[in-house]
Amino acid sequence: MFVRAWKRRCVYISMRVKGLRKGRNCVIAALVICLLCLVLRLLDYCCNGLPVGSSDCVVYCWSDSHIDAALTQRDLDYFAKNIQLNFTVLENSFFKKKLFEAEILLTNKGVKPFPPYGWEIIFSQPALVEPNSYPYPGGVEKPNYGVRFHFLMGNVYKMSPLKGFGTIRPGKSKFIRYINEHSNVAVTDVHPNWYFVSPDLEPRIIENTRGDSLDFVTPYKTPAMWKRNTNTEDPDFDIMNPFSAAKRYRVHKVEDLGAAQHLVIPTPLSIQTYNKQSAVNVLTNSWVIFAAPRLANEGKFLSDIWGMTMVLKAQDSHYIQFLEEKVELSLAGRALPIEENYELRVTPTNNIITIKASHPAGAFYAIQTLLSLIDKDGSIPETVISDGPRYKYRGVLIDVARNFHSKEKIFRYLDVMAMYKLNKLHFHLTDDEGWRLAIPGLEELTEIGASRCHDPTETKCLLPFLGSGPFSGPPGTGFYTVEDYRDILRYAAARHIEVIPEIDLPGHSHAAIKSMLARFKKMEMLNVTEATRYLLNDLQDQSDYLSVQSFADDAMNPCLRSTYTFISRVINALYAMHRDISPLRMFHFGGDEVPAGTWQKSPVCERLKLSGVTTDLKTYMVTQIANMTSLYNLDLAAWEDGITFEGKPMKRDNFPNKNIYVYAWNNVWEWGTHKHAYEFANSGYKVILTPATNLYFDHPYEPDPMESGLYWATRYSDTKKVFVTLPENLYMNADTYRSGREINICEGGNTEEDCPRLEKPDNIEGIQGSLFGELLRSQAITDYMLLPKMLALAERAWHEAYWEKETDKVKLQEGMNEDWTKFANTLGHKELARLDRLGYKYRIPPPGAIVDGKVLKTTVEFPGLGVEFSDNGGETWRWVISGETEVENGKNLILRTRSPFGTRYSRQITLFEDYNQASPSSLASLMYVAMGVNFTLLANFLNGVY
């Protein structure tokens, strides 16, 4: 056939070219023509649609042939817009280990070939890349895919092409597969803002990875993707799946009682009178406010809200009076501290509202109760309430170190804390990823430590941790000036909220260490003594360690005198900032997660030990800080592991401070650390309970890949789990392991050793919800994670429920469920509308649903919220009347929950999606297809090109 074809071609040519009559000449002519055709085909392939003779075609073909040519800024800009990057989790429990395999897919959506040279991709993720090869100072190569991965610091990585990477032509793709530590089961396990860098060029964010949408992440559609542990032979096998509509219908089936069941959240201690048939209206008849001098600020606070006039003398009626009187209350035979107690009387017979309190804080909480009682028309029913909190400490931690929040955003959270009578803002100001407070005289802390950008040397800014991208700007960059911070103190003090600044050390100090190292390098040639004055690391230290967040340089050295000079400078600055607004009462030094191996090869520490210091270095450092803070008459505070030595509390007598506050967080049931909180309380420490399984607000509301959150302590933690927290019966909080398996602890065996009793309950100072900020890149995400969990926290912190001390598990569960039903109805029928009115973007829970016959039945976590459905792919929506709405049998519906104001919706769910069915992984499917079709496809697949 081939010969016949060329004979025909020869005849055709011979007819048109003079002198070509013989076969030999015909063959030569044919070869010339063939060569010309081949050249044209190559040019056409190279130019891919560009005019073959154009200058653009020549440039791109030529650059594709000369791989040493540098990229221009125009090239990098072009590729950032036209190279699409997709991230896919292929398999958790890779090779039955605590690893997962991921794929990066690069697709050329442009018309220019993407070269195999001149670029690198910088990205961050919360898991160590290629952990089996770590440490890899020269990078770890993936020759099958033509790339090398480099570890920079703190889970920031660089991916560089190798010689065999190959050109990605227009319309073509290349994938890279690599192994990572732990698991990846949620979209938010992937960070945004991956970017290109090239020598001497400005970096450029790969456009489809920009921002918080994370739509470059492949949906998690198989159990291999959404399960932490897929190894069925492992006791830690993850039995959890994303909730289907039917599962959610069962889990969140809460009876709709038709109205809010609580007048106020948190529930008051005593409601003696509440009569809706008799009421006052404060928006009519020119009401005024009269306040005792000590309570004048609280009177002014209310007058600003309701637009009332402050007067020096009460009139005959239509007034609100603030009386300075002692209100004594008790709870379970224990007298409550009077500072926050109040009595509220609303008397319609003479149109007088009376607030009694001995301290301004009590009067302020009475105002919050009053604001909760008023309806939209200004009516307040006849009421008599006597109230006070169970705990002195009712706190929220907000982490601004990982991602910065402006002071105006902090004001918003102080407002909502005040609404629900929370009184402590634990302000996490510093961490590895950022230092957020200006310290006069140490400007490098904010010049460098408060800024993140593309600077591998970290001499101008920190690395772009947590997906903050290559350019300085929020949320990765930002800090509070001294006046900003004092504004926050003023705003908090007006709402009776104490700000507790945390300066996290000696671990979690990468930002501080790098800042002071930059200061040293800037000054060392001018004045060595001054340059080393605040140095935080031993420059000769060769210790090898890696923190939980993959930092190899984040532990302040406790053996340097300059470390304590630095700490003293910071304490003094904080003391001065607080002095005339809200005096600093305690210094929180963090103390948590100091990596094993720190300081072991520090020459300075060796010399300290030779000088006669015999205690371990962490205890030595804590003792030094305790002595320093005692000179300011400050209490000391730390996370539990900061005051722990060899698994036990350090001796309380070692520290001169009047009070040491221990923040007990580590109750992960698998780790056997649940007893620490009570051990500290029994040892004489004041304990703030913030158990990670129940009160870490950075964990997701559901075990769903689309829910934002971490899951190292528990697979999920919803609002109910916060509500049913038992602060003084901690072991009864144990419900499931992270795998979802039920758990029973403190039964049989050595229960006194494993589960010591709480012998000194007075040392439980209070509870705290902790919202760490790795994922809080926007106000909307922060609102979502904080609310409505924070309302359940406020309820437990202020009000002791009747069921909390129940020891019979059946009766305990019955009491919890009954109380939860009332609380959930109060949120759905009242409180969420209040949050809507104030602009908070709380999480709206998706509905549960089943079809019974032809009738659609729905439920929602907070009864009172409406449910809508669509049977045409979301083009139109209709209300669901549960138990009455009929639908077509077998038709898959989309459902969503609507907010009270009808302006926001939950994420959409599909009625019949069954998450319990496994499906083959894309890898296995593609390999079977490849092997069954041809080996060329298989070869391309294995080389990462298709």
Side-chain angles (χ1 to χ4, degrees), residues 76 78-92 94 100-116 119-127 129-130 142 144-147 149 155-161 165-180 183-197 203-222 224-226 464 466-467 469-470 705-706 708 777 919-927 929-930 937 940-946:
L76 203 64
Y78 181 87
F79 292 129
K81 291 178 181 178
N82 290 283
I83 295 297
Q84 178 178 292
L85 185 149
N86 293 98
F87 179 94
T88 303
V89 174
L90 298 176
E91 182 182 359
N92 287 301
F94 191 64
F100 71 91
E101 186 182 26
E103 176 185 280
I104 298 168
L105 179 67
L106 300 175
T107 302
N108 190 344
K109 295 290 187 178
V111 297
K112 303 179 183 180
F114 183 60
W119 55 267
E120 294 171 323
I121 292 176
I122 308 293
F123 67 98
S124 70
Q125 62 175 46
V129 168
E130 297 293 338
K142 304 289 287 183
N144 284 349
Y145 306 110
V147 297
F149 288 99
N155 280 329
V156 176
Y157 300 92
K158 177 175 67 176
M159 186 179 78
S160 308
F165 182 85
T167 298
I168 304 178
R169 298 192 174 277
K172 300 296 182 180
S173 300
K174 180 179 180 64
F175 64 81
I176 300 102
R177 290 186 174 157
Y178 63 109
I179 309 304
N180 308 269
S183 58
N184 181 312
V185 301
V187 171
T188 53
D189 282 342
V190 184
H191 294 160
N193 299 318
W194 299 44
Y195 64 93
F196 284 125
V197 295
R204 288 293 181 262
I205 295 174
I206 300 173
E207 195 61 37
N208 81 302
T209 72
R210 184 188 296 274
D212 290 325
S213 69
L214 299 176
D215 53 10
F216 69 97
V217 181
T218 302
Y220 293 63
K221 291 295 187 182
T222 69
M225 300 172 79
W226 71 57
L466 305 171
M706 295 307 294
S708 177
R777 290 183 291 270
S919 61
S921 72
S922 59
L923 172 61
S925 300
L926 186 52
M927 286 190 70
V929 170
L937 178 59
N940 288 338
F941 177 81
L942 293 174
N943 286 308
V945 179
Y946 59 94

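All of these numbers come straight from a predicted model, not from anything done at the bench.
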Test log, rule ring-ring contact (aromatic ring centres under 6.0 Å, His included), inputs Phe149 and Tyr178:
CA-CA 9 Å; Phe149 288 99; Tyr178 63 109; 4.8 Å; yes

Parallel, tilted or perpendicular for Trp119 and Phe165, by the 30°/60° rule?
perpendicular

Is there side-chain contact between [X] and [Y], with at least one heavy-atom pair below 4.5 Å?
X	Y	answer
Asn184	Tyr220	yes
Thr88	Leu105	no
His191	Leu466	yes
Thr107	Ile83	no
Trp194	Phe216	yes
Ser173	Ile168	no
Ser124	Val156	yes
Leu106	Ile176	yes

Run Glu120 and Val197 through side chain to side chain contact (heavy atoms under 4.5 Å, CB included) and show every step you take.
CA-CA 5 Å; Glu120 294 171 323; Val197 295; 3.7 Å; yes

The test is side chain to side chain contact (heavy atoms under 4.5 Å, CB included); show your working for Asp189 and Gln125 and say whether it passes.
CA-CA 7 Å; Asp189 282 342; Gln125 62 175 46; over 6 Å; no

Non-hydrogen atoms of Ile205 and Ala80 that approach each other most closely
O-CB, 3.5 Å

Shortest non-hydrogen contact from Gly211 toward Pro192
O-CB, 3.0 Å

Under the ring pair (Phe, Tyr, Trp, His ring centres under 6.0 Å) test against Phe196, which residue among Tyr78, Phe114, Phe79 passes?
Phe114

Step through the shown structure and confirm whether more than 12 heavy atoms of other residues, nucleotides or ligands are within 6.0 Å of NZ on Lys142.
yes

